[in-house]
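Read through the structure below, which is laid out as structure tokens, and then see the notes.
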Number of protein chains: 2
Amino acid sequence: MLQLTRNGEYAVRAVLYLSSQPPGKPVLITEISESQEVPKSYLSKIMQHLVRAGLVRSRRGINGGFTLARPAETITLKETIEAVEGPIHLNICLIRKGECHRDDFCPVHPVWQEAQRRLSEVLDGKSMADLVRDGEAIKKQMKKTRRKQK
Amino acid sequence: MLQLTRNGEYAVRAVLYLSSQPPGKPVLITEISESQEVPKSYLSKIMQHLVRAGLVRSRRGINGGFTLARPAETITLKETIEAVEGPIHLNICLIRKGECHRDDFCPVHPVWQEAQRRLSEVLDGKSMADLVRDGEAIKKQMKKTRRKQK
DNA sequence: TCCAAATAGGACTAAAATCATCCTTAATGT
DNA sequence: ACATTAAGGATGATTTTAGTCCTATTTGGA
């Protein structure tokens, strides 16, 4: 459907939440689940993917939880999404050379390449640190608006 | 999966094929199906969508078939895809204001807006007439390459 | 060393989407 | 009337999506 799945959306929420927390402080899955409105048992699977992808570190037991494995500045939206959804290919002809045997002569193929390049540009251009900053700016703006409304 | 479905791909092939034919000359579904490698009965459904969307005209009976309903210059890739897949929304939060109640404060939302804008730009920037021209250029180029290889 | 707290991982499932096929109906030109 | 051609409805297999649940494993502390 050319649409992000819940997996991708939830992964972004989780990583973004971790990025907003003090670095190194383990965050419980329950806390992520409740604050980000993601079913806990489902989120558990997503976190596993993020750990295997090297974006997140986990520790079990008391004082356990999840932390970012790398600074939020170095983690992009695209990376987070691909960690749980696999590589983004807007059309199957972009999966690999030869996946679609019409590649050679199909005039639409280059258009998909360009479309994907543009999309990647946007998603790779935003780090989790950027998004945390953006979120804080939005919060500030909302407070200002509320004050004006009084 | 953030990927075009077969519906969209097949629709593009069909409309592109019609665009490459003499305007007004009815083309049989069998001809489209075989030349574009799309299952005939499946293609039949897709053509119905394209007719209802106003991109293609159909006529039944002898001398029947499909033709473009409008000049190929005025039909874009995006329009063709949306005719069979519905409007493109890269994330459900883009479907409409309020679809995702996190809209207001979600710092990711504007990124998706931008991503979708860029994608639309590419897909809307190519008309079927453009693609036919591109296809002819590719053919010419391939002939040249073959000559050189001899 | 045992226990409580956490995540890891496997099995399972309901619902929806995807990718079709087949058959009957309706329109159209000769 | 008849042959031709698309329209439309019903059906179905397979895959993906979006979860849940249960058990195992790790970990730190009493």
Side-chain angles (χ1 to χ4, degrees), chain A residues 1-14 18 25-34 36-69 81 83-86 88-89 91-92 100, chain B residues 1-14 17-18 25-34 36-69 81 83-86 88-89 91-92 95 100:
Chain A
M1 226 193 331
L2 210 43
Q3 191 171 90
L4 191 74
T5 64
R6 298 294 77 198
N7 265 280
E9 168 74 19
Y10 293 161
V12 170
R13 290 190 198 176
L18 289 183
K25 178 197 149 207
V27 180
L28 296 186
I29 201 169
T30 305
E31 184 181 339
I32 306 175
S33 160
E34 290 174 358
Q36 301 307 299
E37 306 172 272
V38 179
K40 189 174 149 187
S41 54
Y42 193 31
L43 180 60
S44 163
K45 298 292 170 211
I46 290 168
M47 296 313 289
Q48 287 174 29
H49 274 107
L50 293 172
V51 168
R52 282 190 218 114
L55 298 190
V56 162
R57 231 193 307 262
S58 69
R59 227 176 48 221
R60 302 200 241 199
I62 294 171
N63 298 326
F66 297 92
T67 56
L68 289 187
I81 291 167
V84 297
E85 300 217 333
I88 293 174
H89 302 294
N91 197 342
I92 56 173
C100 170
Chain B
M1 228 194 328
L2 210 43
Q3 191 171 90
L4 192 75
T5 63
R6 297 295 76 197
N7 265 281
E9 168 73 18
Y10 293 161
V12 170
R13 290 191 199 176
Y17 185 74
L18 289 183
K25 178 198 149 207
V27 180
L28 297 187
I29 202 169
T30 305
E31 185 181 338
I32 306 176
S33 159
E34 288 174 0
Q36 301 307 300
E37 306 172 273
V38 179
K40 189 175 150 187
S41 55
Y42 193 30
L43 180 60
S44 163
K45 298 293 173 212
I46 290 168
M47 297 313 289
Q48 287 175 29
H49 274 107
L50 293 172
V51 169
R52 283 190 217 113
L55 297 190
V56 163
R57 231 193 306 262
S58 69
R59 227 177 48 222
R60 303 199 241 199
I62 294 170
N63 299 324
F66 296 93
T67 56
L68 288 188
I81 291 167
V84 296
E85 299 217 333
I88 293 174
H89 302 295
N91 197 343
I92 56 173
I95 293 177
C100 170

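Chain identifiers are assigned alphabetically (A, B, ...) following the order of the sequence lines, protein sequences preceding nucleic acid strands; residue numbering begins at 1 within each chain.
Nucleotide D:dT17 holds its C1' atom 11 Å from the CD atom of A:Glu85, rounded to whole Å. Per the geometry, CG belonging to B:Leu2 stands 15 Å off P belonging to D:dT16, to the nearest Å. Remark: P of D:dT17 and CD1 of B:Ile92 are 14 Å apart, rounded to the nearest angstrom. Rounded to whole Å, atom P of D:dA18 lies 11 Å from atom CD of A:Glu9. With rounding to whole Å, B:Arg6 atom CZ is found 8 Å from C:dA20 atom P. One can place CD of B:Glu37 at 16 Å from P of C:dC19, the figure rounded to the nearest angstrom. Spacing between atom CD1 of A:Ile29 and atom C1' of D:dC21 amounts to 14 Å, rounded to whole angstrom units. Atom C1' of nucleotide C:dT18 and atom CD1 of B:Ile81 are separated by 17 Å, given to the nearest angstrom.
Residues passing the side-chain hydrogen bond (donor to acceptor under 3.5 Å, both in side chains) test with A:Thr5, sequence neighbours excluded: A:Glu85. With sequence neighbours excluded, the residues that form a side-chain hydrogen bond (donor to acceptor under 3.5 Å, both in side chains) with B:Gln48 are B:Arg52. Under the rule for a side-chain hydrogen bond (donor to acceptor under 3.5 Å, both in side chains), A:Ser33 has no partner lying at least two apart in sequence or in another chain. For B:Gln3, there are no side-chain hydrogen bond (donor to acceptor under 3.5 Å, both in side chains) partners at least two apart in sequence or on another chain.
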Which pairs would a plain distance check flag for residues 60-68 of chain A, meaning a side-chain donor or acceptor within less than 3.5 Å of a matching protein atom at least two apart in sequence or in another chain?
none

What pairs of donor and acceptor atoms, side-chain ones from residues 38-47 of chain A against any protein atom, are under 3.5 angstrom apart with sequence neighbours left out?
unit_1  : atom_1 : unit_2  : atom_2 : d
A:Lys40 : NZ     : A:Thr30 : OG1    : 3.3
A:Tyr42 : OH     : A:Asn7  : ND2    : 2.8

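Each of A:Val51 and A:Met1 was matched to the nucleotide of DNA chain C holding its nearest heavy atom; the match closer to the 5' end belongs to A:Val51. Nearest-nucleotide positions on DNA chain D for B:Leu28 and A:Leu4 put B:Leu28 closer to the 5' end.
Using a 4.0 Å cutoff on non-hydrogen atoms, the parts of residues 38-48 of chain A near DNA chain C are A:Lys45, A:Gln48, ordered by number. Within residues 58-65 of chain B, the residues that place at least one heavy atom under 4.0 Å from DNA chain C are, in residue-number order, B:Arg59, B:Arg60, B:Gly61, B:Ile62, B:Asn63.
In this structure, B:His49 places its NE2 atom where only 12 or fewer heavy-atom neighbours from other residues, nucleotides or ligands lie under 6.0 Å away.
The CD1 atom of A:Ile32 sits 11.0 Å away from the CD atom of A:Glu34 when rounded to the nearest 0.5 Å.
Across B:Arg6 and A:Asn91, no two heavy atoms sit closer than the pair NH2-OD1, 3.5 Å.
Applying the 4.0 Å criterion to OP1 and OP2 of D:dG19, one finds that A:Tyr10 has a side-chain N or O inside that range.
Contact annotation for A:Arg52: backbone-only contact, meaning every heavy-atom pair under 4.0 Å involves sugar-phosphate atoms and none involves a base.
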